[in-house]
Number of protein chains: 2
Amino acid sequence: MNIGFASSRSGLPKKTIRYYEEIDLVNPSRAANGYRDYSEDDIHCLNFIHRARNLGFSIEECRLLLSLYQDKNRSSSEVKSLALSKISSIEEKIAELQNMKDMLNKLARTCHGNDKPDCPILDEIAGARLNP
Amino acid sequence: MNIGFASSRSGLPKKTIRYYEEIDLVNPSRAANGYRDYSEDDIHCLNFIHRARNLGFSIEECRLLLSLYQDKNRSSSEVKSLALSKISSIEEKIAELQNMKDMLNKLARTCHGNDKPDCPILDEIAGARLNP
DNA sequence: CCTTGACCTTCCAGTAACTGGAGGCTTTAT
DNA sequence: ATAAAGCCTCCAGTTACTGGAAGGTCAAGG
């Protein structure tokens with residue numbers, strides 16, 4: 001099946017699917033006219049990648065997951081540790097964003113938000129007296 | 001003062017400071033020998049940007065904040081609304097990450113993590129039966 | 001005066017993961 | 001026959017830097 005169909009079957013944009021071929025992630029065969037020709041297996045891989053990306057795995061992690069997925073001798077612990085380390089890096093990101101949010105909230109609360117130039121937000125950013 | 005000093009005064013890498021000049025964010029004057037020569041005002045701007053970046057503002061948002069900061073006729077509401085919209089986009093990101101984390105946790109809990117190939121994580125990614 | 005090392009300069013390339021567009025085939029439908 | 005839709009490749013741009021090469025400048029020591 002050609003790329004448009006592969007795109008609707010996988011939910012990935014055509015551009016992205018071509019990109020995945022360029023980086024050697026999913027390599028479809030080619031039809032006589034030069035069009036990409038995706039097999040059911042290829043679609044399966046695209047779906048797999050799509051879901052792993054939604055779980056926050058990077059492309060390189062997806063490549064690894066895919067190779068584990070296709071390796072009948074894999075150990076599940078390898079996959080689990082990848083998942084766990086991904087969880088902790090997500091937790092770090094959340095904490096960092098939470099910090100930003102708290103600080104911005106603190107700033108926004110003190111700002112009147114009127115048409116006067118007087119702005120505690122800018123003052124604080126300029127002076128870095130967020131936590132005196 | 002030259003770039004090394006500006007770097008230690010602002011806490012930004014020299015490369016980053018040069019980049020900020022390249023994109024017209026902070027334009028120092030030049031000494032006779034061609035070296036960049038940062039004024040106190042320039043340092044102040046660099047610090048301002050450094051802190052705004054840490055609060056999660058993009059470069060373009062920093063540019064705007066900086067121009068507001070230097071505009072004596074600004075209205076504080078403009079700054080406040082920027083802060084508020086940043087807060088809500090941070091909240092969105094947090095929610096998304098929280099979702100990823102929950103799903104990964106759900107997956108990791110069901111995986112034995114031993115040396116057998118049997119892996120519910122991969123099975124779920126492959127089949128997308130996360131929320132049946 | 002010369003050298004050494006620490007500065008500084010510019011320019012080019014690379015990162016992650018796509019996305020958009022130009023220019024040009026092929027297929028399908030009317 | 002022709003128009004629209006779909007496909008192809010290649011190039012450039014996105015964000016915010018980061019690393020490195022090749023080379024100029026400056027201060028200290030011998």
Side-chain angles (χ1 to χ4, degrees), chain A residues 1-39 42-43 45-66 86 89-90 93 96-97 100, chain B residues 1-39 42-43 45-66 86 89-90 93 96-97 100:
Chain A
M1 91 195 65
N2 58 24
I3 199 169
F5 202 19
S7 170
S8 53
R9 286 279 305 276
S10 65
L12 291 167
K14 285 181 275 188
K15 276 282 183 185
T16 301
I17 297 178
R18 290 199 194 95
Y19 172 69
Y20 286 168
E21 184 185 8
E22 193 185 319
I23 63 171
D24 246 313
L25 203 50
V26 177
N27 294 93
S29 55
R30 295 286 177 138
N33 58 9
Y35 285 18
R36 288 170 182 81
D37 185 15
Y38 291 86
S39 69
D42 292 332
I43 301 298
C45 284
L46 290 174
N47 276 311
F48 184 99
I49 294 162
H50 192 179
R51 291 184 206 115
R53 295 283 298 125
N54 281 342
L55 287 170
F57 290 101
S58 72
I59 288 288
E60 287 317 306
E61 286 165 337
C62 288
R63 197 190 296 280
L64 177 55
L65 283 172
L66 206 51
K86 180 84 343 203
S89 80
I90 288 174
K93 264 184 224 153
E96 191 184 341
L97 287 171
M100 286 180 192
Chain B
M1 87 197 66
N2 57 24
I3 198 168
F5 201 19
S7 169
S8 56
R9 286 279 305 273
S10 65
L12 291 167
K14 284 181 277 187
K15 276 285 186 185
T16 301
I17 297 178
R18 289 198 194 95
Y19 171 70
Y20 286 169
E21 184 185 8
E22 194 186 321
I23 62 171
D24 247 312
L25 203 50
V26 179
N27 293 93
S29 55
R30 296 287 177 137
N33 57 10
Y35 288 16
R36 287 170 182 81
D37 184 15
Y38 291 87
S39 68
D42 292 331
I43 301 299
C45 284
L46 289 173
N47 276 312
F48 184 98
I49 294 163
H50 192 179
R51 292 184 204 116
R53 293 284 299 125
N54 282 342
L55 287 170
F57 290 101
S58 71
I59 290 289
E60 288 316 306
E61 286 166 336
C62 288
R63 194 190 299 278
L64 176 57
L65 284 172
L66 205 52
K86 180 79 354 195
S89 80
I90 289 175
K93 266 184 222 153
E96 193 186 338
L97 288 171
M100 287 181 191

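Below, chains carry the letters A, B, ... as their sequence lines are ordered, and counting in each starts from 1. Everything quoted here is computed from the prediction, not taken from an experiment.
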For this session: Return the residues of residues 20-29 of chain B meeting this criterion: a heavy atom under 4.0 Å from some atom of DNA chain C. Order them by number, or give none.
Result: none
Problem set entry | Sequence-distant partners of Phe57(B), ring pair (Phe, Tyr, Trp, His ring centres under 6.0 Å), two or more places apart | none
Problem set entry | Ser58(B) side-chain N/O to dT15(D) phosphate OP1/OP2 under 4.0 Å | no
Exercise. Can you tell me how far P of dC7(D) sits from CZ of Arg30(A), to the nearest Å?
Worked result: 12 Å
For this session: Identify, with sequence neighbours excluded, every residue that meets salt bridge (charged side-chain N to carboxylate O under 4.0 Å, His left out) alongside Glu22(B).
Result: none
Report, one pair per line, the protein and nucleotides 2-5 of chain C atoms (nitrogen or oxygen only) whose separation is under 3.5 Å.
none

Seminar exercise, completed: Distance col, row Ile59(B):CD1 vs Leu64(B):CG, nearest 0.5 angstrom, shows 13.0 Å
Problem set entry | the helix from dC1(C)-dG30(D) to dT30(C)-dA1(D): angle between end helix axes, five pairs per end, rounded to 10 degrees | 30°
Exercise. Just how far, in rounded Å, is C1' of dC7(C) from CD1 of Ile17(B)?
Worked result: 14 Å
Exercise. What is the minimum heavy-atom distance between Leu66(A) and Leu25(A), and which atoms define it?
Worked result: CD2-O, 4.1 Å
Problem set entry | Distance-minimising heavy-atom pair for Leu97(B) and Ile90(A) | O-CG2, 3.5 Å
Exercise. In whole Å, what is the span from the CZ atom of Phe57(B) to the C1' atom of dC17(D)?
Worked result: 20 Å
For this session: Output every pair passing side-chain hydrogen bond (donor to acceptor under 3.5 Å, both in side chains) with a member in residues 28-39 of chain B, not counting sequence neighbours, ordered by first then second residue.
Result: Glu21(B)-Arg30(B), Glu21(B)-Arg36(B), Ser39(B)-Asp42(B)
Seminar exercise, completed: Rounded to whole Å, the OH-C1' distance (Tyr38(A) to dC8(D)) equals 12 Å
Problem set entry | Results of ring pair (Phe, Tyr, Trp, His ring centres under 6.0 Å) for Tyr19(A) - residues two or more places apart only | none
For this session: Using a 4.0 Å heavy-atom cut-off across all strands, classify Arg36(A) as base, sugar-phosphate, or nothing.
Result: sugar-phosphate
Problem set entry | Between dT19(C) (C1') and Ile3(A) (CD1): distance, integer Å | 14 Å
Sort me out a list of protein N/O and nucleotides 21-25 of chain D N/O pairs below 3.5 Å, or just none if empty.
residue : atom : partner  : partner atom : Å
dG24(D) : N2   : Tyr35(B) : OH           : 3.0
dT25(D) : O4'  : Tyr35(B) : OH           : 3.4

For this session: List for me each residue that meets salt bridge (charged side-chain N to carboxylate O under 4.0 Å, His left out) alongside Arg9(B), sequence neighbours excluded, and say none if there are none.
Result: Glu40(B)
Exercise. In Å, rounded to the nearest 0.5 Å, how long is the span from CG of Leu55(A) to CZ of Arg51(A)?
Worked result: 10.0 Å
Exercise. Taking only residues two or more places apart in sequence, or in another chain, which ones meet Ser58(A) in a side-chain contact (heavy atoms from CB on, under 4.5 Å)?
Worked result: Glu60(A), Glu61(A)
For this session: Measure from CZ on Arg18(B) to P on dT10(C) and round the result to the nearest Å.
Result: 7 Å
Exercise. In whole Å, what is the span from the NZ atom of Lys14(A) to the C1' atom of dC7(D)?
Worked result: 8 Å
Problem set entry | Which atom of Cys62(A) lies closest to which atom of Arg53(A), heavy atoms considered | SG-CD, 3.7 Å
Problem set entry | Length of the line joining Arg63(B):CZ and dA16(D):C1', which is rounded to integer Å | 12 Å
Exercise. How many angstroms lie between atom CG of Leu65(A) and atom CD1 of Ile49(A), to the nearest 0.5 angstrom?
Worked result: 10.0 Å
Exercise. In chain order, what residues pass the side-chain contact (heavy atoms from CB on, under 4.5 Å) check against Lys14(B), with sequence neighbours excluded?
Worked result: Ile3(B), Ser7(B), Arg18(B)
Exercise. Considering all heavy atoms of both residues, which atom of Ser10(B) and which atom of Asn47(B) are nearest to each other, and what is their separation?
Worked result: CA-OD1, 3.4 Å
